[in-house]
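Worksheet: the structure to be examined is printed underneath.
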Amino acid sequence: MNLESPVGRTDALDGARETVGGRDGSHGEPEDNFERIATMWSAYLDREIEPHEVADMMVALKLCRIASGHPDPDHHVDICGYGTLGAHLADRESESS
């Protein structure tokens, strides 16, 4: 999603809402996708990764991209989206334990 300038205070949240709700067709359900990513990362790192940690690490990746000196408002939209998915996944994980 490309934000138009100037970016208002809630534009990133609105963009994240669209992104989180609108990519199921191309990325699959977030819960299933993050579970697959967690499984793959767990095998690679030889330690268990929980789905909510995938969201945490994706936020870290976006922060690294921002820190690279090439800020893009879309990175902030993605951080909002990963944050909300992380909260959803952490809640699901705490309910199932």
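Everything numeric here is computed off the predicted structure, so don't read it as measured data.
- Proximity of E35 to D32: side-chain heavy atoms (C-beta onward) are nowhere separated by under 4.5 Å.
- Scanning both residues, A16 and G81, for their nearest heavy atoms gives CB-N, 3.5 Å.
- G86 and A55 make their closest contact through CA-CB, 3.5 Å (heavy atoms, listed as atom of the first residue, atom of the second, distance).
- In this structure, SG in C64 is found 11.0 Å from NE2 in H75, a value given to the nearest 0.5 Å.
- Note: I37 CD1 to S42 OG = 11.5 Å, rounded to the nearest 0.5 Å.
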Evaluate T39 against R36 for side-chain contact (heavy atoms from CB on, under 4.5 Å), listing each step before the verdict. CA-CA 5 Å; T39 299; R36 279 190 295 276; 5.7 Å; no
One pair to check against side-chain contact (heavy atoms from CB on, under 4.5 Å): I49 and R47. What are the steps and the verdict? CA-CA 6 Å; I49 303 290; R47 80 167 190 85; 3.5 Å; yes
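- To the nearest 0.5 Å, atom CD1 of residue I79 and atom CZ of residue R65 are 10.5 Å apart.
- Note that CG of D56 is 12.5 Å distant from OH of Y82, once rounded to the nearest 0.5 Å.
- When every heavy atom of F34 is checked against every heavy atom of P51, the shortest pair comes out as CD2-O, 3.6 Å.
- In this structure, the separation between CG on D78 and CG on L85 is 10.5 Å, given to the nearest 0.5 Å.
- Note on L89 and W41: same hydrophobic cluster, where clusters join Ile, Leu, Val, Met, Phe, Trp and Tyr whose side-chain heavy atoms are under 4.5 Å apart, directly or indirectly.
- Residues M57 and I66 are members of one and the same hydrophobic cluster, defined by side-chain heavy-atom contacts under 4.5 angstrom among Ile, Leu, Val, Met, Phe, Trp and Tyr.
- Judged by distance alone, with hydrogens and angles left aside, the side-chain atoms of E93 form a donor-acceptor pair with the main-chain N or O of H52 at under 3.5 Å.
- No path of Ile, Leu, Val, Met, Phe, Trp and Tyr side chains, each step under 4.5 Å between heavy atoms, connects L13 with L63, placing them in separate hydrophobic clusters.
- E53 contributes a side-chain N or O that, together with a main-chain N or O of E50, makes up a donor-acceptor pair within less than 3.5 Å.
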